[in-house]
Structure formats: structure tokens, C-alpha cells
Amino acid sequence: MEWENQTILVEFFLKGLSDYPRLELLFFALILIMYVVILLGNGTLILISIWDSHLHTPMYFFLGNLSFLDICYTTTSIPSILVSFLSERKTISFSGCAIQMFLGLAMGTTECVLLGMMAFDRYVAICNPLRYPVIMSKDSYVPMAVGSWIIGVINSAVQTAFVVQLPFCGNNVINHLSCEILAIMKLACADISGNEFIMLVATTLFILTPLLLIIISYTLIIVSILKIRSSEGRSKVFSTCSAHLTVVIIFYGTILFMYMKPKSKDTLNSEDLDATDKLISLFYGIVTPMMNPLIYSLRNKDVKEAVKHLLRRSMFNK
């Protein structure tokens, strides 16, 4: 622990999986492979959404933003996690932790809002196909995407500003793999009820509200699909939104399980539960961004064709 004038904390110790040294090497290899897959998969989706003129639509514009978001989100934490697994000095400066917290929270909030925008896009495409070009014109979907990023940055800036102003004059051990906002708030030697209220409001506005929009959109989509008489027609329409729905279920399902699962008071098993919580957080932060491009590639014919075209072009150029 390092202190300035014995009162101001200047660095944190990231506990991570330090209680399980054998797991650290295993997870270093796994996370490194996953990170490479994230960069390649999401990078490919970004390239094809830019280069392939057939994908210059609102849905693929949002998908390109989602892929860029996943790259940014994972890059804010994975490199430092990998370094901590190999290093005996598992510390991070106060300013570095604040930056990591800000970026991670901004990316997470933006993704929630962006998934809501994507659900609305699918609702308009399926339930109002004739008005789709008008409602989801470039003048609409570009501001929707930009607005998602702005909301994420503002929410993160507000919450981070309130957290860094808290006094940290005691324990500096963050029982997490990265600078997660809740884990940091628990270290403050002051009343954090104000911060918790701000987080509750932000959660309601930027996580639950997009989720409500998604639920309403897909309820209306399902009702519209059920009105189609032929099973082939229903299957074809549903295929246009199945990839997004799968991503939403994985993303929000992990969040809900992580924050709403019951906590045991059994102190004998507390360490095991802590490790479980960290691994669930790891799944949310790494596995979900890795699966997004795979889901969209496997469930979308347009993406498959664009990837094949990109591979043929690269082979031809060689």
C-alpha cells in the first residue's frame, strides 16, 4: 500500500485470482485466445460493414458500432488483466483505475442503449416494412447511434466523478479482476448512499429502460410473426432478428444473473463465491463480445456472403 500524507490513496491492489495461482496461468492463456478472437471477429464485421455496399443499412451500421464498442470495451480491461496474471505486482494507480472505470462504464452503458436502438430497428423493419426507409433513414439511425455513445459517456462521467471524490483512507484491495465501480465504492471510508442512489437512477434509465424497449419491440415482433400464415414465412422473418435476440439474451441474461443471484451468508464458502462472481463478470466482459460476431456470422446470410467476398478479395490480391 502506498499513501500520500497517510490519507490520500495513490494506488489500488487488484486481488483478481491471486488466491488461485494455478488458475491464473490457465486463464491467461484462455483470455489471450479469446481477446484475439474478439479483435479478429469484431474487426472483420467492421470491415465488411464499411466495404460491402449491400450492408450499408441501419442494422449493419448499428452492428458495426456494436463491434467497435466490443473492441473498445474489452481493450479497457483485458490487457491489464493479462499483465496482472503474470506479474507479482498487481497494482494500478488511482488515476489509471479511474480511467479504466470510466471507459468500462461508458462502453457498458453505450452497449445497453445501442441494443435497445437495434431492437427498435428490427421492430420497424418487421412491423412497419413500408415505412422503414422513412423512419430509419440516415438522418435517424446515425443520430441514434451517436446518441447512444453520448449517453454512455455522460453517465460514466457523472458516476466516475462522484466516485473519485470519495475519501479512500483504509483498505486499498479491490476484490475484483479490474476497477469495477461497485468494488471501488466499497473501499470508501465515507457514506456512499448518494453514489448508490445515482447508480440506481442510472441503472433504471440506461439499463432497464433499453431492456423495456427491447421487450416491447420483440413482443410486437412476435405478435406480427404469428399473424403470418406460412411456417416458411414466419421462419424467414424471424431469422432477420434472431441474431440480435440471441445477443440480447446472452448480454442481459449475464447481467441479471450477476447482480440478482442470491448471496450466501456462509463465510466458509465466501472465497469460493467470490471466485464465482469474478468468473461470471469475466464471462460478461469477454465471452459475450467474443460470441457477438460468431452469432451474427452463423445466423445471417448477408454477413456470411460478405465475409466470403472479403476472403476471396484478399486471396485474389495476394
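- Looking only at side-chain heavy atoms (C-beta outward), Leu177 and Ser77 stay at 4.5 Å or farther from each other.
- Linking Ile, Leu, Val, Met, Phe, Trp and Tyr residues whenever their side-chain heavy atoms come within less than 4.5 Å places Phe197 and Ile154 in a single cluster.
- With respect to Lys186 and Glu180, no salt bridge is recorded, no charged nitrogen being found less than 4.0 Å from a carboxylate O.
- Residues Tyr296 and Ser67 have side chains that never bring a donor and an acceptor to within less than 3.5 angstrom of each other.
- Annotation: Phe162, atom CZ; neighbour count of heavy atoms from other residues, nucleotides and ligands within 6.0 Å does not exceed 12.
- Side-chain contact between Cys241 and Ile221 is present, with heavy atoms from C-beta onward closer than 4.5 Å.
- With rounding to the nearest 0.5 angstrom, the CG atom of Asp70 is 8.5 Å from the OG1 atom of Thr288.
- Within the 4.5 Å cutoff, no side-chain heavy atoms of Ser235 are placed close to those of Glu232.
- Between Phe12 and Leu187, some side-chain heavy-atom pair lies under the 4.5 Å cut-off.
- Between Lys15 and Ile174, every side-chain heavy-atom pair lies at or beyond the 4.5 Å cut-off.
- Side chain of Thr110 to backbone of Ala106: a donor-acceptor contact under 3.5 angstrom is found.
- You'll find the side chain of Trp149 reaches within 4.5 Å of the side chain of Leu69, heavy atoms only.
- For Met144, the CE atom is densely surrounded, since the number of other residues' heavy atoms within 6.0 Å is greater than 12.
- Between Phe27 and Phe85, the distance from one ring center to the other does not fall under 6.0 angstrom.
- Residue Asn195 holds its CG atom at 11.5 Å from CD1 of Ile184, rounded to the nearest 0.5 Å.
- Leu103 and Phe94 fall into different hydrophobic clusters, defined by Ile, Leu, Val, Met, Phe, Trp and Tyr side-chain heavy atoms under 4.5 Å apart, directly or through other members.
- Side-chain atoms of Glu111 never come within 3.5 Å of backbone atoms of Leu66 as a donor-acceptor pair (strictly under, hydrogens ignored).
- Hydrophobic clustering, with ILVMFWY side chains joined whenever heavy atoms are under 4.5 angstrom apart, groups Val146 together with Met59.
- Residues Gly285 and Pro289 approach most closely at O-CG, 3.6 Å, considering heavy atoms.
- The aromatic ring centroids of Tyr123 and Tyr218 lie 6.0 Å or more from each other.
- Note that the CD1 atom of Ile150 and the OG1 atom of Thr109 stand 14.0 Å from one another [nearest 0.5 Å].
- Across all non-hydrogen atoms, the minimal contact from Gln100 to Cys179 is OE1-N, 2.7 Å.
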| task | Could you check Asp121 against Tyr132 for side chain to side chain donor-acceptor pair (under 3.5 Å), going step by step and ending with a plain yes or no? | result | CA-CA 8 Å; Asp121 170 73; Tyr132 182 75; 2.6 Å; yes
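- Thr160 places no side-chain N or O within donor-acceptor distance of the main-chain N or O of Ala157, the cut-off being under 3.5 Å.
- By the rule that hydrophobic residues join a cluster once side-chain heavy atoms approach within less than 4.5 Å of another member, Val134 and Phe61 end up as members of separate clusters.
- Contact annotation: the side chain of Phe102 approaches that of Val153 to within less than 4.5 Å [non-hydrogen atoms, C-beta and beyond].
- Residues Met290 and Tyr35 have side chains not in contact (no heavy-atom distance under 4.5 Å, counting atoms from C-beta outward).
- A distance of 10.0 Å separates CD1 in Ile92 from CE in Met101, rounded to the nearest 0.5 Å.
- The local environment of NE2 in His56 is crowded, with over 12 non-hydrogen atoms from other residues, nucleotides or ligands closer than 6.0 Å.
- Of the inter-residue distances, the one linking Leu208 atom CG with Tyr252 atom OH reads 7.5 Å to the nearest 0.5 angstrom.
- Atom OG of residue Ser193 and atom CG of residue Leu200 lie 12.0 Å apart, to the nearest 0.5 angstrom.
- A donor atom on one side chain and an acceptor atom on the other are not found under 3.5 Å apart for Ser137 and Asp139.
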